[in-house]
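Structure, as structure tokens:
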Amino acid sequence: METSLRYSGESKALRIHAKEKYPIDSNSCLQVHGELDTKYGAPSLFSATLRHFFPDISASLGFSLLYKRHGLALQYDKLGKVQYSLRGKKAFPVTSNGLLNFNIKGRCDFDKEFKERNSKGAAEFSWSIFNFLPDQDVRLKLGFEVFEKVPYMQIRENNWTFNADMTGKWNIRYDL
């Protein structure tokens, strides 16, 4: 099981996130993950995703069922939302060693009646640097979210990940 501690500038709350992947066949899995919001002492997210990987073309496709509880103090007891997501990602190697890639990814969210739609799409460069320092790997991402028209970046160092965009949103994650 993969577990991480997450904190964002928006929620200002520490969240404990856990994820497990259950293999279905060599290129498919069921991915289940959930999140506990320590500010409210209650789960804030649960998701089950069927994912299929296409290794020959460096792509993946997934379909999710997501339950999300919105944690505003006055609306804490409000029922959460159930939504479905369809997502895909394709990587294009820029260098022959595969350490620099150009990625395109997209996601479309639907409510339980398949009416409400929220789309996201991005194009990004991802550069992996192994042994940046002894026993320290680094990954840098620079991208552009096309629907919101917002540039973003990510810096990942072994277990630490920092994400930020040009609107001032940021979050940090530590993988346990």
Minimum heavy-atom distance Ala91-Asn103, with the two atoms named: CB-OD1, 3.2 Å
Distance-minimising heavy-atom pair for Ala59 and Lys90: CB-CD, 3.9 Å
Residues that Glu2 engages under salt bridge (Lys or Arg N to Asp or Glu O under 4.0 Å), provided they are two or more places apart: Lys19
Minimum side-chain heavy-atom gap Arg51-Ser60 below 4.5 Å: yes
Closest contact, heavy atoms only, Ser47 versus Thr49: OG-OG1, 3.5 Å
Distance (rounded to the nearest 0.5 Å) between Ile24 CD1 and His52 NE2: 10.0 Å
Heavy-atom closest pair, residues Leu30 and Ala48: CD1-CB, 4.4 Å
Student check: side-chain heavy atoms of Ile16 and Thr38 closer than 4.5 Å: yes
Salt bridge (Lys or Arg N to Asp or Glu O under 4.0 Å) against Arg6, all qualifying residues, sequence neighbours excluded: none
Smallest separation among heavy atoms of Leu36 and Gly41, with atom names: CD1-C, 4.0 Å
Shortest non-hydrogen separation from Val32 to Tyr22 and the atoms involved: CG2-CE1, 4.1 Å
Flag, side chain of His33 to backbone of Phe46, donor-acceptor distance under 3.5 Å: no
Met166 with Phe162, same ILVMFWY side-chain cluster at under 4.5 Å: no
Rounded distance [0.5 Å steps], CZ in Phe102 versus OG1 in Thr95: 14.5 Å
Approximate separation, where rounding is to 0.5 Å, of Leu45 CG and Asp37 CG: 10.5 Å
Any side-chain donor near an acceptor of the partner, Asp109 and Ser85, under 3.5 Å: yes
Hydrophobic cluster identity match, Leu142 and Ile129, side-chain contacts under 4.5 Å: yes
Cluster check Phe53, Phe92: I/L/V/M/F/W/Y, side chain < 4.5 angstrom: no
Side chain to side chain donor-acceptor pair (under 3.5 Å) partners for Ser96, two or more places apart: none
Arg15: salt bridge (Lys or Arg N to Asp or Glu O under 4.0 Å) partners, not counting sequence neighbours: Glu35
Other cluster members, Met1 - Ile/Leu/Val/Met/Phe/Trp/Tyr, side-chain contacts below 4.5 Å: none
Leu100-Val138 co-clustered via ILVMFWY side chain contacts under 4.5 Å: yes
With Phe132 via ring pair (Phe, Tyr, Trp, His ring centres under 6.0 Å) - residues at least two apart: none
Which residues share a side-chain contact (heavy atoms from CB on, under 4.5 Å) with Leu133, sequence neighbours left out: Gln136
Residue pair Asn101, Trp127: steps toward the side chain to side chain contact (heavy atoms under 4.5 Å, CB included) verdict: CA-CA 7 Å; Asn101 289 304; Trp127 181 27; over 6 Å; no
Nearest-0.5 Å distance that lies between atom NE2 in His17 and atom OG in Ser44: 8.5 Å
Ile155: partners by side-chain contact (heavy atoms from CB on, under 4.5 Å), with sequence neighbours left out: Leu140, Met153
Within-4.5 Å side-chain heavy-atom neighbours: Ser119 and Arg107: no
Give every donor-acceptor pair under 3.5 Å between a side-chain atom in residues 167-176 and any protein atom, sequence neighbours left out.
{"from": "Thr167", "atom 1": "OG1", "to": "Asp165", "atom 2": "OD1", "distance (Å)": "2.6"}
{"from": "Thr167", "atom 1": "OG1", "to": "Asp165", "atom 2": "OD2", "distance (Å)": "3.3"}
{"from": "Asn171", "atom 1": "OD1", "to": "Asn163", "atom 2": "ND2", "distance (Å)": "2.9"}
{"from": "Arg173", "atom 1": "NE", "to": "Asp175", "atom 2": "OD1", "distance (Å)": "3.4"}
{"from": "Asp175", "atom 1": "OD2", "to": "Arg156", "atom 2": "NH1", "distance (Å)": "3.2"}
{"from": "Asp175", "atom 1": "OD2", "to": "Arg156", "atom 2": "NH2", "distance (Å)": "2.7"}

Spacing of SG belonging to Cys108 relative to CZ belonging to Phe110, to within rounding of 0.5 Å: 3.5 Å
Sub-4.5 Å side-chain heavy-atom contact between Phe54 and Asn27: no
Glu148: partners by salt bridge (Lys or Arg N to Asp or Glu O under 4.0 Å), with sequence neighbours left out: Lys120
Donor-acceptor under 3.5 Å (Asn131 side chain, Pro134 main chain): no
Salt bridge (charged side-chain N to carboxylate O under 4.0 Å, His left out) contacts in which one or both residues fall within residues 124-144, not counting sequence neighbours: Lys105-Glu124, Glu124-Lys141
Phe125 with Tyr152, same ILVMFWY side-chain cluster at under 4.5 Å: no
Other ILVMFWY residues reachable from Phe144 by side-chain steps of under 4.5 Å: Val146, Phe147
